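We count ligands from 1, going down the list as the structure has it; atoms in each ligand are counted the same way. The shown structure was predicted, so the numbers you read here are calculated from the model rather than taken from an experiment.
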Amino acid sequence: MTVSQRYDVLIVGAGFGGLCMAAIAKTAGLRVVVLERRSEVGGTWSQNTYPGCACDTQSHHYSLSFALNPDWTQRYAPQPEILAYLKQVADDHDLTPSIRFGESVASAVFDETTASWQVECEGGRSYQAQFVVSAVGQLNQPAVPEIPGMASFPGKTMHTAEWDHAYDFKGRTVAVIGNGASAIQLIPELAKSVRRLFTFQRSPNWLIPKLNRPFRPIEKSLLRHVPFLMRLYRWGIYWNWERSWPEFLVDSPQAQKRTGINRAGIEAAVRKADLREKLIPTYPLGCKRILLSDDFLETMQHEHVSLNTSGIARIERNEIVTNDGARVAVDCIVYATGFKSHDFLPGMNVVGRQGRSLKQDWDKAGGPNAYLGIAMPGYPNFFMTYGPNTNLGHNSIVFMLECQTRWILKLILKARRQGKGTAEVTEAALAAFNRDLERDLAKTAWAGSCSSWYKNAKGKVINNWSSSTVRYWRLTRRVQTSDFNLT
Ligand code: NAP
């Protein structure tokens, strides 16, 4: 075991959250190290490279406030451009020398005697830091369903998050299982080259037009040369999404109105009645993520694309057998089946005061939870970005990440200014936070009658924030000192 030097802040993950935390902590003069299991920065934008992969939040808003980019080529940038942006952020903020690539964190153990965290990596290296920030994201463990007979399939299989670019789809017969955010981006792209495309839908999604378009040279030039305009444009996008928050409250007049508009949109876009019926959800708008696409519904109407909703019974060699007895023979199966989203610290054993385990504490509590989605009592100086109950359905996660990282930095600096070694949220503060959270979550669409990756097996919403982002911003604007023990 090699123990390297002691850092002020150790960050796990070099995606949006980790880079943001590293940039602001370095600017504040803290000694920072970032441990990243992949060989490059980017997190989800490095992992997901399937054809059509892009952001469904407008790029001028899906970017860091201190690293605006006038050069986005379109309203919703594709994955390679977002990855390039994050690499640029790392370069511009001189973060790369602080990043240790290929380091997968196995455990983080709080040492009471030194009031610091001992972080062990799978390769055996060990790091010591006063503060640890986990920025590993919610969506990085691909979920592949257990389908009877799937091991007998002789053809190619892949998950959207583990794309095999060497496989040639041209002229092939392909099955895509799942029709979530990844699938609706992938299907239109695959349909351009495959011979037949069979899509398997378990439940439909509320889908709205993305209205993507490239920026004109004059627009890019204006945004570059008039930075105020770029900020104004960004704020316009923010408020446009933010004012849609009431649409995510069950049975609100706004939700009812928007449901009608969205249903009419799908009805107008899909010409055949039977297909239309299969593509319109019966659950409340927003219960699952609302999807944005300009080409998915049109693609589903192509002659060589079909939609199967009978449910998959089994796989028998190269055939997918559905519950109605139909069989389709395919060359390749793509699992667009999402992620294991309920383990907020995958592969990481976090051990706090008196040897307590964060996973066990969460199990006892009925699921992951944290004060502001960031801090837990018993785990001093340990924080999370994009932790429990911080995902959104209506606005940019990057906004939330910035709220979290700035709040964490404020707390660290406050502790340091007061000459304190540890900052630990109180049980009472967590309990009060959770009471409000649960009261508010019950009013949201996430709690509605659908299955989604927002809920755990007990039906508790553990991924999503319960209110507007303005409210989250207000809660994280300053540190409530009374909610903490600084020792
Ligand atoms: P997802 O939204 O969880 O979708 C998974 C799909 O697979 C669903 O349609 C699900 O059906 C289906 N499925 C799961 N298990 C199945 C089974 N056993 N049999 C048949 N179908 C099955 O996953 P995702 O599309 O990868 O997206 C996950 C999240 O990543 C999104 O919600 C979003 O937050 C993020 N994302 C964002 C972007 C972006 O543009 N920013 C792009 C991609 C992903 P059910 O709906 O019935 O469960």
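At under 3.5 Å, not a single nitrogen or oxygen of Trp45, backbone or side chain, sits near a nitrogen or oxygen of ligand 1. Between Thr57 and ligand 1, no pair of N/O atoms sits closer than 3.5 Å. For the pair Thr160 and ligand 1, the shortest N or O to N or O distance does not fall below 3.5 Å.
Short contacts between ligand 1 and Gly338, defined as distances under 4.0 Å to a heavy atom of the residue, involve ligand atoms 3 (O), 5 (C), 23 (O), 24 (P), 26 (O). Close approach of ligand 1 to Asp56 is summarised as follows: ligand atoms under 4.0 Å from at least one heavy atom of the residue are 39 (C), 40 (O), 41 (N). Interface atoms of ligand 1 facing Gly178, defined by a heavy-atom separation under 4.0 Å, are 6 (C), 7 (O), 9 (O), 12 (C). For ligand 1, the atoms lying closer than 4.0 Å to a non-hydrogen atom of Leu139 are 29 (C), 30 (O), 34 (O), 35 (C). Atoms of ligand 1 lying under 4.0 Å from any heavy atom of Ile177, numbered from 1 in the order shown and given with element: 20 (C), 21 (N). Interface of Tyr50 with ligand 1, defined as ligand atoms under 4.0 Å from a residue heavy atom, comprises 42 (C), 43 (C). Contact atoms of ligand 1 toward Ser203: 45 (P), 46 (O), 47 (O) (distance under 4.0 Å to a heavy atom of the residue). Close approach of ligand 1 to Ala54 is summarised as follows: ligand atoms under 4.0 Å from at least one heavy atom of the residue are 39 (C), 40 (O).
Closest approach of Leu139 to Gln47, counting heavy atoms only: O-OE1, 4.2 Å. The shortest non-hydrogen separation linking Ala22 to Val34 is CB-CG2, 3.9 Å.
Atom CZ of Arg317 is surrounded by 12 or fewer heavy atoms from other residues, nucleotides or ligands within 6.0 Å. By the 6.0 Å contact criterion, CZ on Arg474 is open, its count of non-hydrogen atoms from other residues, nucleotides or ligands being 12 or less.
In this structure, Asn179 counts as a contact residue of ligand 1, since one of its heavy atoms falls inside 4.0 Å of the ligand. Residue Ile312 places every heavy atom at 4.0 Å or more from ligand 1.
Between Asp295 and Lys210 no salt bridge is recorded (no basic side-chain N to carboxylate O distance below 4.0 Å). We find that Asp56 and Arg289 are joined by a salt bridge, their nearest charged nitrogen and carboxylate oxygen being less than 4.0 Å apart. Electrostatic pairing of Lys272 and Glu277 does not count as a salt bridge here, judged by no charged N lying under 4.0 Å from a carboxylate O.
Closest to atom 27 (O) of ligand 1 by heavy atom, among Cys53, Gly137, Ala181, is Ala181.
The aromatic ring centroids of Tyr167 and Phe169 lie less than 6.0 Å from each other.
Between the Lys455 side chain and the Cys450 main chain, a donor and an acceptor come within less than 3.5 Å of each other. Side-chain atoms of Gln185 come within 3.5 Å of backbone atoms of Ala54 as a donor-acceptor pair (strictly under, hydrogens ignored).
Here the protein heavy atom with the shortest distance to atom 32 (O) of ligand 1 is Trp453 NE1, 2.9 Å. Atom 18 (N) of ligand 1 has Pro145 CB, 3.1 Å as its closest protein atom, hydrogens excluded (heavy atom only). Atom 4 (O) of ligand 1 has Gly180 CA, 3.6 Å as its closest protein atom, hydrogens excluded (heavy atom only). Regarding atom 46 (O) of ligand 1, its nearest protein heavy-atom neighbour is Lys288 NZ, 2.8 Å. Of the protein's non-hydrogen atoms, Ser182 OG, 3.4 Å is the one closest to atom 24 (P) of ligand 1. Looking only at protein heavy atoms, the nearest one to atom 10 (C) of ligand 1 is Arg202 NH2, 4.2 Å. The protein heavy-atom contact nearest to atom 6 (C) of ligand 1 is Ala336 O, 3.3 Å.
Proximity of Ser468 to Glu242: side-chain heavy atoms (C-beta onward) are separated by under 4.5 Å at one or more points. With a 4.5 Å cut-off on side-chain heavy atoms, Tyr85 and Asp71 do not count as touching. Proximity of His165 to Trp163: side-chain heavy atoms (C-beta onward) are separated by under 4.5 Å at one or more points.
The side chain of Phe339, and not its backbone, has at least one atom closer than 4.0 Å to an atom of ligand 1 (non-hydrogen atoms only; side chain from C-beta on).
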